[in-house]
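Everything numeric here is computed off the predicted structure, so don't read it as measured data. Below, chains carry the letters A, B, ... as their sequence lines are ordered, and counting in each starts from 1.
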Amino acid sequence: MDKNKIHQIEQDAKNLWNKYDLYKSEISEKPSYCILDFFPYPSGIGLHVGHTLGYIATDIFARFRRMQGNNVLYAMGFDAFGLPAEQFAIQTNQHPEVTTDNNIRNMKSQLEALSLSHDNDRSFSTTDPKYYKWTQWIFTKLYNSYFNNISQKAEAIDDLREKLNSRKFSIQDNQLIESVNHYTEAEITEAINEMRLAYLDDVNVNWCPMLGTVLSNEEVKDGKSERGNYLVEKRPMKQWMLRITSYGDRLNDQLDKLDWPDNIITMQKNWIGRQEGTKIIFPTEHGDIEIFTTRPETVFGVAYIGISHQHPILEKTEGLEKNRVTDSDENTEKLVGYATHPLTNEQIPIWTTDYVLQEYGTGAVMSVPAHDQRDFEFAKKHNIQFKSVIKATYAWLIENYKGNDVPSSQLLDLWKTNPEKFDSAFDIKGPLFYPMQFEITENISLKKQIKHAIEFIEKAKVGKQITNYRLRDWLFSRQRYWGEPFPIVFDVQNNAYSIHEDCLPVTLPKQYDFKPVLNQENAEPPLAKATDWKTVRGIVMENGSVKTLDDNDPKHPGEQIFTRELNTMPNWAGSCWYYLRYMDPKNDNEILSDTAMKYWSSDNVGSIDMYVGGAEHAVLHLLYARFWHMVMFDLGYVSNPEPFNKLVNPGMMTADAYSDSRGFYVDIEDVKLQDNSAFQISTGEKLNIEPGKMGKRYKNGLDPRKACDMYGIDIFRMHVMYMAPITQSRSWDIKNIKGMERFYRSIDAKISSCIVENHKSTDNIVQLHKTIKFVTDEIENMRYNTALASLIKLNNSIEKYTIEDSIKFIQMLYPFAPHISENLYQTIKTNIQSDIEKYSNVNQDLYNTINCLESLAWPSYDEKMLQENTIKLPVNVNGKVRDILEVDINITDDKIKELVSNSEKVMKYVVSGIKKYMIIRKDKPVIVSIII
RNA sequence: GCCCUCUUGGUGGAAUGGUAGACACAGCAGACUUAAAAUCUGCAGACUUCGGUCGUGCUGGUUCAAGUCCGGCAGAGGGUACCA
């Protein structure tokens with residue numbers, strides 16, 4: 001293949017599209033369609049071909065939709081704030097602003113190489129103050145809103161103040177209840193602060209000393225940071241939190257309305273971890289302990305209360321303070337006191353345990369060793385007496401009693417009196433030994449048992465049914481420089497205020513020491529070093545926000561000195577709402593205009609029609625973005641309850657990685673392949689070959705610019721799409737690309753000859769129409785590999801096209817291979833226009849009024865062409881095909897039987913007589929099935 | 001441990017419960033060529049006594065009919081965890 005010719009074709013096509021501004025998307029009469037890739041982070045090493053999978057997929061879809069008459073919103077910006085960008089800057093000893101700009105420029109050039117049809121006027125970076133102004137603005141909305149549990153939505157904090165001032169409502173456990181309050185002014189303010197969707201809290205955070213910052217639960221994996229894999233420890237700190245748990249139910253339930261892959265939905269549900277259970281109060285002399293259980297029917301089997309090492313009651317228990325250690329080397333499980341069983345008044349021992357987590361439930365459990373395996377093991381270890389309350393099954397009893405001294409008929413009695421003699425806990429639901437304890441007199445089903453136990457406990461006023469979530473509130477502060485500053489200031493009494501809307505954005509101070517303080521106790525965030533920036537003059541406005549004053553502003557009588565919040569936001573902040581900004585990227589007055597929002601948003605549940613990106617963000621970005629969107633929805637800034645309607649996860653790209661004898665990976669640039677072996681070019685050493693995920697770690701990432709340069713953009717695109725279904729992971733393999741080169745050469749030759757010959761008819765017109773129908777359907781469902789296969793098949797089956805039919809073929813090829821398709825179309829146009837007489841048979845509209853191929857309407861097929869008069873009808877004998885008959889589509893059953901009895905191939909199997917004779921029809925005959 | 005996904009020729013992969021292996025790569029044979037490359041035309045799941053037989057990880061079931069639906073098992077990948 002002539003590389004220069006291909007590159008010329010590419011350049012010509014790009015110039016043409018630029019000339020006609022093909023990818024500008026302005027609000028118009030056309031129906032809108034939003035297609036979106038996951039927000040990319042512009043990394044220092046840039047993209048590899050694995051990343052292109054999703055980008056090519058969306059580009060194909062965008063081009064297809066435009067050809068179908070949609071106005072497509074398709075753009076790409078950059079998620080450039082955050083830890084990785086900052087770490088990269090530190091490593092390369094440059095300011096993050098510089099590295100970020102360089103990285104964005106590099107990535108833009110890579111995207112340019114792929115020739116994606118983005119509307120570049122809608123691109124932006126989260127680090128642009130014009131963008132993060134609105135990220136901060138959303139934060140002020142979160143700060144000035146609360147979740148009204150009665151209406152189940154976010155409402156303005158001023159409404160809450162009004163409600164509390166009316167005295168008709170009070171607050172209990174962060175819930176608004178209809179009950180008279182006698183709060184003082186200060187108590188009302190305090191209650192309001194505790195209800196905000198963005199609030200300050202003293203929390204035990206995941207502190208990462210090597211990164212010098214805290215991390216959210218979602219960013220920590222196996223006690224290590226997701227970024228960098230550094231050790232993470234627990235440390236109490238005052239931090240900004242976002243009340244995502246209020247949305248637990250909606251985040252969980254609305255998942256079912258989305259067109260998302262099942263596994264992502266499952267992962268989100270698991271992460272949210274909604275669980276119905278019961279809260280029961282066990283009083284102690286130092287105050288109540290609340291426990292959470294899902295098995296309230298075992299409450300009479302409690303042997304001890306298990307609490308976490310961080311449980312607050314430990315602080316009140318004098319002399320037990322020293323038990324508050326987290327050193328796991330020692331055995332720290334200790335008896336720390338007694339609680340009263342609320343139903344029996346028995347004294348129940350309280351133990352600190354390693355297995356109860358403060359972060360889940362109430363940090364305390366009622367331990368029922370007979371019916372919970374961990375409790376069982378703990379009780380055995382510490383010699384705690386326990387009893388059983390549920391009848392174990394016979395099979396289980398035999399299985400779990402190893403002694404020979406008890407006849408099997410007496411095992412249940414033994415279980416009743418001495419459950420500790422068995423090997424494990426019976427943790428399945430079963431009938432109770434003493435149902436009368438719950439005032440159960442008659443037989444009720446196991447299902448009703450728990451429900452009844454809850455009612456009993458509620459009636460006794462010792463507990464109640466609650467819903468518990470694994471999901472925690474979102475820790476939103478980072479002790480780093482490279483993030484959005486919080487739009488928050490504190491007065492001298494340390495009261496927090498949000499910055500007035502007119503004073504946004506709060507920009508990051510420039511040009512100073514941005515490096516975090518590492519490995520130091522009580523280190524302040526880097527912004528503390530920005531002494532000029534740190535404090536600001538301001539006035540408290542009527543709505544409670546603070547208007548900040550410039551150095552140039554004259555002295556104001558009511559002004560005070562405020563200190564700025566020194567933490568910054570995590571990189572998830574900017575990516576939580578970027579998809580909305582694409583709809584109205586230049587708007588400085590509003591986050592997005594109502595007109596833009598209404599025009600671009602989908603008519604479905606989610607604003608964005610199609611969202612394409614990897615499964616690695618299943619619980620991070622996708623959960624956070626949904627939460628912000630729900631708040632925006634409640635406050636009336638968006639009209640769809642969800643952000644993303646359809647979600648597609650492209651598969652991963654793996655590739656061979658090469659390591660030397662020491663086990664170090666060698667960059668693929670430095671590898672030469674020969675006879676199935678790999679050699680290092682610089683040293684000549686023979687290398688080991690092993691597969692791995694494409695990327696930095698294995699040094700096996702291939703720059704898409706290089707692939708496009710070698711093979712041409714279109715050939716590369718088709719090859720990548722033809723490899724496998726889009727959702728499937730695949731290993732990078734270049735040898736099959738030959739097939740695509742042959743395909744292109746064949747098309748090029750065929751169309752060129754058709755232009756010269758100007759055929760009056762097309763060979764296999766039926767196949768063409770079948771393919772139009774098939775390809776349309778396959779692209780619609782992103783089955784690009786089969787769409788391409790059918791185009792190849794069509795090309796193989798047709799030698800001669802009319803000009804008009806050849807254009808139909810080129811159109812179908814266009815979403816996959818836009819440059820060569822455009823080139824073929826332009827060639828046809830030029831030829832026709834140079835000899836109008838010769839081509840007088842061709843519809844002039846096809847070449848006179850259309851500038852670019854994309855402006856032609858997507859080809860339609862003729863339904864009549866697809867109707868077949870005869871079909872192939874297989875004849876099965878005992879499930880095996882014995883003959884295939886060519887029959888008329890309207891053939892009668894009698895006629896089929898006649899044909900079958902004339903078939904020697906069939907009749908030689910049915911000599912012994914027929915048991916069953918079936919002719920299966922679905923609109924037309926499908927199969928004949930004979931059983932002998 | 002629990003949850004999810006996957007398992008089809010030498011390879012990547014096709015198959016609304018209805019002819020398994022579309023399409024492509026690699027391979028083989030032939031044509032063209034001094035030769036090679038490129039191109040074109042064929043052949044191609046395995047076994048076979050050439051009649052057929054067996055074939056979608058293994059195993060059982062539903063069905064006239066199962067790669068496809070249901071149960072069990074094994075292997076690979078991903079997620080998650082002292083979650084009460």
For [X], report the nucleic acid contact type (base, sugar-phosphate, nothing); a contact means any heavy atom under 4.0 Å.
| X | result |
| --- | --- |
| A:R921 | nothing |
| A:R742 | sugar-phosphate |
| A:V356 | base |
| A:I931 | sugar-phosphate |
| A:M918 | base |
| A:N263 | sugar-phosphate |
| A:P261 | nothing |

Query - Donor on one side chain, acceptor on other, A:S797 and A:Q767, under 3.5 Å - result: no
What's the closest nucleotide to the side chain of [X] if the choices are [options]?
| X | options | answer |
| --- | --- | --- |
| A:T786 | B:rC25, B:rA14, B:rG18 | B:rA14 |
| A:R745 | B:rC64, B:rC25, B:rA38 | B:rA38 |
| A:V881 | B:rA20, B:rA81, B:rU53 | B:rA20 |
| A:Y355 | B:rA26, B:rC82, B:rA84 | B:rC82 |
| A:R374 | B:rC82, B:rG18, B:rA26 | B:rC82 |
| A:A789 | B:rC64, B:rA22, B:rA24 | B:rA22 |
| A:I792 | B:rC23, B:rU53, B:rA84 | B:rC23 |
| A:N785 | B:rU39, B:rC4, B:rA14 | B:rA14 |
| A:N796 | B:rC23, B:rA84, B:rC83 | B:rC23 |
| A:T293 | B:rC64, B:rC3, B:rA84 | B:rA84 |

Pairing check on [N]: which nucleotide meets the Watson-Crick or G-U wobble criteria with it, both distances under 3.5 Å?
| N | answer |
| --- | --- |
| B:rU5 | B:rA76 |
| B:rU63 | none |
| B:rC25 | B:rG10 |
| B:rU49 | none |
| B:rA44 | none |
| B:rC83 | none |
| B:rA20 | none |
| B:rU68 | none |

In whole angstrom, what separates [X]'s [atom1] from [N]'s [atom2]?
| X | N | atom1 | atom2 | result |
| --- | --- | --- | --- | --- |
| A:I264 | B:rU80 | CD1 | P | 11 Å |
| A:D375 | B:rA84 | CG | P | 11 Å |
| A:I927 | B:rU19 | CD1 | P | 6 Å |
| A:Y744 | B:rC25 | OH | C1' | 21 Å |
| A:N876 | B:rU63 | CG | C1' | 13 Å |
| A:H719 | B:rA24 | NE2 | P | 15 Å |
| A:M652 | B:rG12 | CE | P | 16 Å |
| A:Q728 | B:rU8 | CD | P | 10 Å |

Requested in this report: Provide the distance between the two P atoms, one in B:rA24 and one in B:rC69, to the nearest whole Å.
Outcome: 28 Å
Report task. Using the P atom on both, measure B:rG9 against B:rG72 and round to a whole Å. Result ->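 About 25 Å, rounded to a whole number of Å.
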Query - Distance-only donor-acceptor test, A:T266 side-chain atoms vs B:rC4 base atoms, 3.5 Å - result: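 No such pair is found, so the answer is no.
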Query raised in the report: Between the side-chain atoms of A:Y722 and the base atoms of B:rC23, is any donor-acceptor pair under 3.5 Å?
Result: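 In this structure, the two groups form a donor-acceptor pair.
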Query raised in the report: Do any side-chain nitrogens or oxygens of A:K793 fall under 4.0 Å of OP1 or OP2 in B:rA22?
Result: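 For B:rA22, neither OP1 nor OP2 has a side-chain N or O of A:K793 closer than 4.0 Å.
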Query raised in the report: Within the pair A:R470 and B:rA81, is there a side-chain N or O less than 4.0 Å away from OP1 or OP2?
Result: yes
Requested in this report: Decide yes or no on side chain to side chain contact (heavy atoms under 4.5 Å, CB included) for A:D375 and A:Y355, but give the supporting numbers first.
Outcome: CA-CA 9 Å; A:D375 295 347; A:Y355 70 85; 2.4 Å; yes
**Report entry** Atom of A:P650, atom of A:V612 and distance for their closest heavy-atom approach
**Finding:**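 Taking A:P650 first and A:V612 second, the nearest heavy atoms are CG-CG1, 3.6 Å.
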Query raised in the report: So, for A:G306 and A:V356, which heavy atoms are closest and what is the spacing to 0.1 Å?
Result: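 Scanning both residues, the minimum pair turns out to be O-CG2, 3.9 Å.
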Query raised in the report: When you match A:N736 and A:K922 each to their closest nucleotide on RNA chain B, which lands nearer the 5' end?
Result: A:K922
Query - Comparing A:S746 and A:G739 on RNA chain B - which has the more 5′ nearest nucleotide - result: A:G739
Query - Assigned glycosidic conformation for B:rG51 [threshold 90° from 0] - result: syn
Requested in this report: Report the glycosidic orientation of B:rG9: syn if within 90° of 0, anti in every other case.
Outcome: syn
Query raised in the report: Charged N to carboxylate O under 4.0 angstrom, A:R295 versus A:D427?
Result: no
Requested in this report: Could you check whether the rings of A:F809 and A:Y801 sit parallel, tilted or perpendicular, using 30° and 60° as the cut-offs?
Outcome: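 Answer is tilted, since the angle falls between 30° and 60°.
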Query raised in the report: Are A:Y711 and A:H719 an aromatic pair by the rule of ring centers under 6.0 Å?
Result: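 Between A:Y711 and A:H719, the centre distance exceeds or equals 6.0 Å.
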Report task. Could you check A:F386 against A:F376 for ring pair (Phe, Tyr, Trp, His ring centres under 6.0 Å), going step by step and ending with a plain yes or no? Result -> CA-CA 9 Å; A:F386 59 92; A:F376 181 87; 5.8 Å; yes
Query raised in the report: Can you tell me how far the CG atom of A:L53 sits from the CE atom of A:M652, to the nearest 0.5 Å?
Result: 11.0 Å
